[in-house]
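Down below is the structure, laid out as structure tokens.
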Amino acid sequence: DVTYSILIDSFTKNGKLDDARLLLHKMAEEHIRATAYTYNSLISGYCKLGKLDEAESLFDEMTNKGLGPTVITYTTLISGYCRQENLDKAFRLYHEMAETNISPNTHTFTALIGGLCRAKLMDEAVKLFNEMLEQNVIPNEVTYNVLIDGHCRVGNTVKAFELLDEMMEKGFLPDTYTYRPLISGLCLTGRASEAKEFVDDLQRENQNLNEICFTELLHGLCKEGRLRDALSAWKEMAERGLNTDLISYGVLIYGALKQRDMVKLSLLLKEMYKRGFKPDNVIYTSIIDAYCKLGNLEEAFRFWDKMVDDGCIPNVVTYTVLINGLCKAGFVDKAELLCKQMLASKSIPNQVTYGCFLDNLTMEGHMEKALELHKAMLNGFLANTVTYNILIRGFCKLGRTGDASELLIEMIDNGISPD
RNA sequence: GUCAAUUGGAAAUCGAUC
């Protein structure tokens with residue numbers, strides 16, 4: 001059974017869930033008992049693919065066979081639900097554990113804290129962290145990394161750096177999983193310079209930063225329009241022996257576009273090609289977006305064609321960027337056409353896509369049509385803070401503040417928080 | 001003796017004092 005479990009685990013890690021399940025059947029045929037290990041591996045695989053229903057049915061199956069669940073099974077499912085931002089489900093499982101006398105461990109708490117952090121519910125995350133300590137479950141470096149990341153995401157770098165000190169006092173070694181969020185947090189709060197200093201300090205201490213940490217810094221610098229600094233950091237990255245990969249080029253291109261520096265754009269593209277890199281989806285999309293925003297739809301479509309010729313498949317974001325460009329330029333009919341084309345391919349329009357149309361309708365003063373779209377979006381759970389903002393702004397502009405406040409109430413009722 | 005938790009780039013609204 002160990003052999004089979006190892007095989008099943010490696011299949012699931014490669015996303016070959018079907019093959020893994022075939023093996024499970026084969027085990028049964030050969031009268032080899034499956035174990036909790038086997039099931040846990042499979043459940044983990046389905047969770048990572050977001051197929052929680054499949055994971056749940058295996059959970060039931062293993063329960064019926066008396067093979068579990070174990071702490072690991074619960075933790076796997078909990079983290080699966082957390083990744084889908086289904087915290088209700090995750091916590092329900094957590095409570096179910098208590099009923100079945102399975103004690104949550106460090107991994108379990110870390111997964112839940114991570115879920116809360118992802119949802120930016122930092123007060124709750126801290127509360128759970130304290131509960132964890134009260135239950136004498138010892139946090140480890142991952143727990144700290146998750147919390148640090150959470151605080152950084154909401155811009156609370158002070159708290160994040162406090163936790164960095166705390167974790168070091170406890171003897172945990174920070175790594176790239178710790179540093180990356182801190183760099184990101186500093187950049188997020190408009191302090192790319194501090195992020196740069198932080199990175200320099202870490203280099204002086206000979207801490208090993210990886211591509212991911214550097215790219216985060218590059219991105220922060222580019223976002224603030226500091227392309228020159230980003231380029232020099234990029235050179236430094238290369239000198240440090242790190243890979244200047246496709247993503248790092250993508251960030252620099254984003255920076256060049258932000259500065260509307262099309263000369264730099266073509267230089268970067270040339271250099272990329274020379275190194276054997278081809279622009280990917282993301283790079284093409286950022287170029288297309290930039291041209292749309294410059295009002296140059298022709299050039300935008302030229303890159304779209306180039307992208308398709310290159311074998312890159314446009315995704316939701318690519319479509320949305322063009323739809324936005326078309327809407328803003330007043331070609332709503334063309335945008336709708338593109339949306340249909342999008343549905344015909346395998347891309348499904350999302351909140352942002354519909355948000356573009358919604359924005360166009362409210363800007364044109366077609367509030368009733370906008371409300372119609374909004375209702376459809378509500379049915380598809382596609383309303384969010386931004387889409388409500390668009391509608392509320394539209395009503396306010398027309399002086400219909402009554403309708404606007406009704407929407408405010410509605411959004412709160414729907415559990416969507418105003419910002 | 002195999003299973004569970006954390007990392008990078010693109011898109012919609014708004015960003016006051018000019």
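Naming convention: chains lettered A, B, ... in sequence-line order (proteins, then strands); numbering from 1 in each chain.
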Open item on the list: Categorize A:Q351 for me: base, sugar-phosphate, or nothing, with a 4.0 angstrom heavy-atom threshold over every strand shown.
Closed with: base
Open item on the list: Students often get this wrong, so: under 4.0 angstrom with heavy atoms, is A:T215 touching a base, only sugar-phosphate, or nothing?
Closed with: base
- [ ] Using only heavy-atom distances, decide whether a donor-acceptor pair under 3.5 angstrom links the side-chain of A:D289 to the base of B:rA12.
- [x] no
Open item on the list: In this structure, is the centre-to-centre distance between the rings of A:F301 and A:Y291 below 6.0 Å?
Closed with: no
Open item on the list: Less than 4.0 angstrom from a charged side-chain N to a carboxylate O is my criterion; do A:R302 and A:E299 meet it?
Closed with: yes
- [ ] Report which part of the nucleic acid A:I283 touches: base, sugar-phosphate, or nothing (heavy-atom distance under 4.0 Å, all strands).
- [x] base
- [ ] Could you please spell out the steps behind the salt bridge (charged side-chain N to carboxylate O under 4.0 Å, His left out) verdict for A:D19 and A:K26?
- [x] CA-CA 10 Å; A:D19 294 337; A:K26 204 161 174 222; over 6 Å; no
- [ ] Tell me whether the OP1 or OP2 atom of B:rA11 has a side-chain N or O from A:K328 closer than 4.0 Å.
- [x] no
Open item on the list: Mind checking if A:T285 touches a base, just sugar-phosphate, or nothing, with heavy atoms under 4.0 Å?
Closed with: base
- [ ] Name the closest nucleotide to the A:Y37 side chain, picking from B:rA11, B:rA4, B:rU2.
- [x] B:rU2
TODO: Remember a base hit wins even if backbone is also touched, and classify A:T320 as base, sugar-phosphate or nothing at under 4.0 Å, heavy atoms.
DONE: base
Open item on the list: Any salt bridge linking A:R275 with A:D245? Criterion: basic side-chain nitrogen under 4.0 Å from a carboxylate oxygen.
Closed with: no
Open item on the list: Measure CG/A:N210 against C1'/B:rU6 and give the value in whole Å, please.
Closed with: 13 Å
TODO: Remember a base hit wins even if backbone is also touched, and classify A:K258 as base, sugar-phosphate or nothing at under 4.0 Å, heavy atoms.
DONE: nothing
Task: Nearest-neighbour nucleotide for the A:I212 side chain, B:rC3, B:rA5, B:rG8 considered - done: B:rG8
Task: Heavy-atom donor-acceptor pair, A:Y177 side-chain to B:rU6 base, under 3.5 Å - done: no
- [ ] Take atom CD1 of A:I72 and atom C1' of B:rA5, then tell me their distance rounded to the nearest Å.
- [x] 11 Å
Open item on the list: The side chain of A:N350 is closest to which nucleotide in this list: B:rU13, B:rA4, B:rA11?
Closed with: B:rA11
TODO: With heavy atoms under 4.0 Å as the rule, sort A:N360 into base, sugar-phosphate or nothing.
DONE: nothing
Task: B:rG9 base / A:N281 side chain donor-acceptor hit below 3.5 Å - done: no
- [ ] Choose from B:rG8, B:rA4, B:rA11 the nucleotide whose nearest atom is closest to any side-chain atom of A:R180.
- [x] B:rG8
Task: Phosphate contact (B:rU6 OP1 or OP2) by A:H107 side-chain N/O below 4.0 Å - done: no
Task: Which nucleotide in B:rG8, B:rA5, B:rA12 has an atom nearest any side-chain atom of A:D245 - done: B:rG8
Open item on the list: Rounded to whole Å, please give me the gap between CG in A:D175 and P in B:rG8.
Closed with: 14 Å
Open item on the list: If I take atom CG in residue A:L188 and atom P in nucleotide B:rG9, what distance separates them, rounded to the nearest angstrom?
Closed with: 12 Å
Task: Nucleotide of B:rC3, B:rG8, B:rA11 approaching A:V317 most closely (side-chain heavy atoms) - done: B:rA11
Task: A:R180 bridged to A:D149 by N-O distance under 4.0 Å - done: yes
Open item on the list: Need one value for A:R83: base, sugar-phosphate or nothing, where a base atom within 4.0 Å counts as base even if backbone is also close, heavy atoms only.
Closed with: sugar-phosphate
TODO: Take the protein atom NZ of A:K293 and the nucleotide atom P of B:rA12, then report the distance between them rounded to whole Å.
DONE: 4 Å
TODO: Look at all strands and tell whether A:K48 reaches a base, only sugar-phosphate, or nothing, counting heavy atoms closer than 4.0 Å.
DONE: sugar-phosphate
Open item on the list: Could you check whether A:F129 and A:Y144 have their ring centres less than 6.0 Å apart?
Closed with: yes
Open item on the list: Taking the minimum atom-to-atom distance to the side chain of A:V142, which one of B:rA12, B:rU6, B:rA4 wins?
Closed with: B:rU6
Open item on the list: Could you check whether A:K196 pairs with A:D229 (Lys NZ or Arg NE/NH1/NH2 to Asp/Glu carboxylate O, under 4.0 Å)?
Closed with: no
- [ ] Check every strand shown and say whether A:K13 touches a base, only sugar-phosphate, or nothing at a heavy-atom separation below 4.0 Å.
- [x] sugar-phosphate
Open item on the list: Does A:D9 contact B:rA4 through a side-chain donor or acceptor facing the base, at a distance under 3.5 Å?
Closed with: no
Open item on the list: Once you apply a heavy-atom cut-off of 4.0 Å, does A:N243 come out as touching a base, just sugar-phosphate, or nothing?
Closed with: nothing
Task: For atom CE of A:M62 and atom C1' of B:rA4, their distance in whole Å - done: 12 Å
Open item on the list: As a test of reading the structure: which of B:rA10, B:rA12, B:rA5 is closest to the side chain of A:T387, going by heavy atoms?
Closed with: B:rA12
- [ ] Measure the distance from CG on A:L93 to C1' on B:rA5 and round it to the nearest whole Å.
- [x] 15 Å
Task: For atom CG of A:L67 and atom P of B:rU2, their distance in whole Å - done: 19 Å
Open item on the list: Using a heavy-atom cut-off of 4.0 Å across all strands, would you classify A:I390 as base, sugar-phosphate, or nothing?
Closed with: sugar-phosphate
TODO: Confirm from the modelled atom types if A:D280 and B:rG9 form a donor-acceptor pair under 3.5 Å, side chain to base only.
DONE: yes
Open item on the list: Students often get this wrong, so: under 4.0 angstrom with heavy atoms, is A:V386 touching a base, only sugar-phosphate, or nothing?
Closed with: base
Open item on the list: Does A:D419 reach a base, just sugar-phosphate, or nothing at all? Heavy atoms under 4.0 Å.
Closed with: nothing
Task: Centroid-centroid under 6.0 Å between A:Y388 and A:H374 rings - done: yes
Open item on the list: From C-beta outward on A:V321, which listed nucleotide comes closest to its side chain: B:rU6, B:rA10, B:rA11?
Closed with: B:rA11
Task: Minimum-distance nucleotide to A:R393 side chain [options: B:rU13, B:rC3, B:rA5] - done: B:rU13
